[in-house]
Engineer: 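I have a structure here, written as structure tokens, and I will follow up with some questions on it.
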Amino acid sequence: MTSSSRATDFIIAIAGGVFALLALGWWWLIFSKVVENDYLTVGQAVTCIAGATDLCSLAQALCTNDHLYGIRWYAPEAFWAAAAILVAGVLLSARPSRA
């Protein structure tokens, strides 16, 4: 395995981590207001990171227009896509090198 492919594997892992942080930031942008307005507890809001339950959908529907840039919804698929990229990058980086 060449050093350029190792670097690519590492870049994939870093990209997954960055996307995961962006997805968590997006979640916090929405659900911090939901928690602040007492629609959900923090524990209930955390479950919305990875899944779209009826409770999460209801809480998002109750959002007002005071969110940054008017963003009022969150898609848990963003978190799962980021997690998949991160795991793929880590697994690729952890492969033993061939001589």
Side-chain angles (χ1 to χ4, degrees):
M1 186 164 287
T2 65
S3 64
S4 67
S5 65
R6 280 278 182 210
T8 302
D9 297 344
F10 185 68
I11 289 170
I12 291 170
I14 294 294
V18 168
F19 289 143
L21 289 175
L22 288 172
L24 289 174
W26 181 15
W27 167 82
W28 183 245
L29 178 71
I30 302 303
F31 284 94
S32 65
K33 296 287 187 180
V34 169
V35 170
E36 181 181 305
N37 291 329
D38 290 328
Y39 299 144
L40 295 179
T41 65
V42 173
Q44 291 170 322
V46 167
T47 63
C48 299
I49 292 172
T53 64
D54 289 340
L55 184 62
C56 299
S57 298
L58 175 62
Q60 290 179 80
L62 295 173
C63 284
T64 59
N65 288 328
D66 62 347
H67 287 279
L68 184 65
Y69 304 119
I71 300 170
R72 296 175 43 190
W73 60 276
Y74 167 75
E77 294 85 5
F79 172 77
W80 287 111
I85 294 168
L86 177 61
V87 168
V90 169
L91 291 176
L92 288 171
S93 296
R95 288 184 300 181
S97 61
R98 294 183 186 164

Engineer: Pairs of donor and acceptor atoms involving the side chains of residues 17-28, under 3.5 Å and at least two apart or interchain, shall be tabulated with distances.
Structural biologist:
residue	atom	partner	partner atom	Å
W26	NE1	W73	O	2.8
W27	NE1	A45	O	3.0

Engineer: Check whether any side-chain heavy atom of L40 sits under 4.5 Å from a side-chain heavy atom of C48, and report yes or no.
Structural biologist: yes
Engineer: Examine I14 and L92 and state if one hydrophobic cluster contains both, with Ile, Leu, Val, Met, Phe, Trp and Tyr joined whenever side-chain heavy atoms are less than 4.5 Å apart.
Structural biologist: yes
Engineer: Identify all side-chain donor-acceptor contacts of residues 74-90 below 3.5 Å with residues at least two apart in sequence or on another chain.
Structural biologist:
residue	atom	partner	partner atom	Å
Y74	OH	I49	O	2.8
W80	NE1	A50	O	2.7

Engineer: Does any non-hydrogen side-chain atom of L62 lie less than 4.5 Å from one of N37?
Structural biologist: no
Engineer: Could you tell me which residues satisfy side-chain hydrogen bond (donor to acceptor under 3.5 Å, both in side chains) with Q44, sequence neighbours excluded, listed by chain and number?
Structural biologist: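 T41.
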Engineer: Can you name the side-chain contact (heavy atoms from CB on, under 4.5 Å) partners of T47, sequence neighbours left out?
Structural biologist: C56
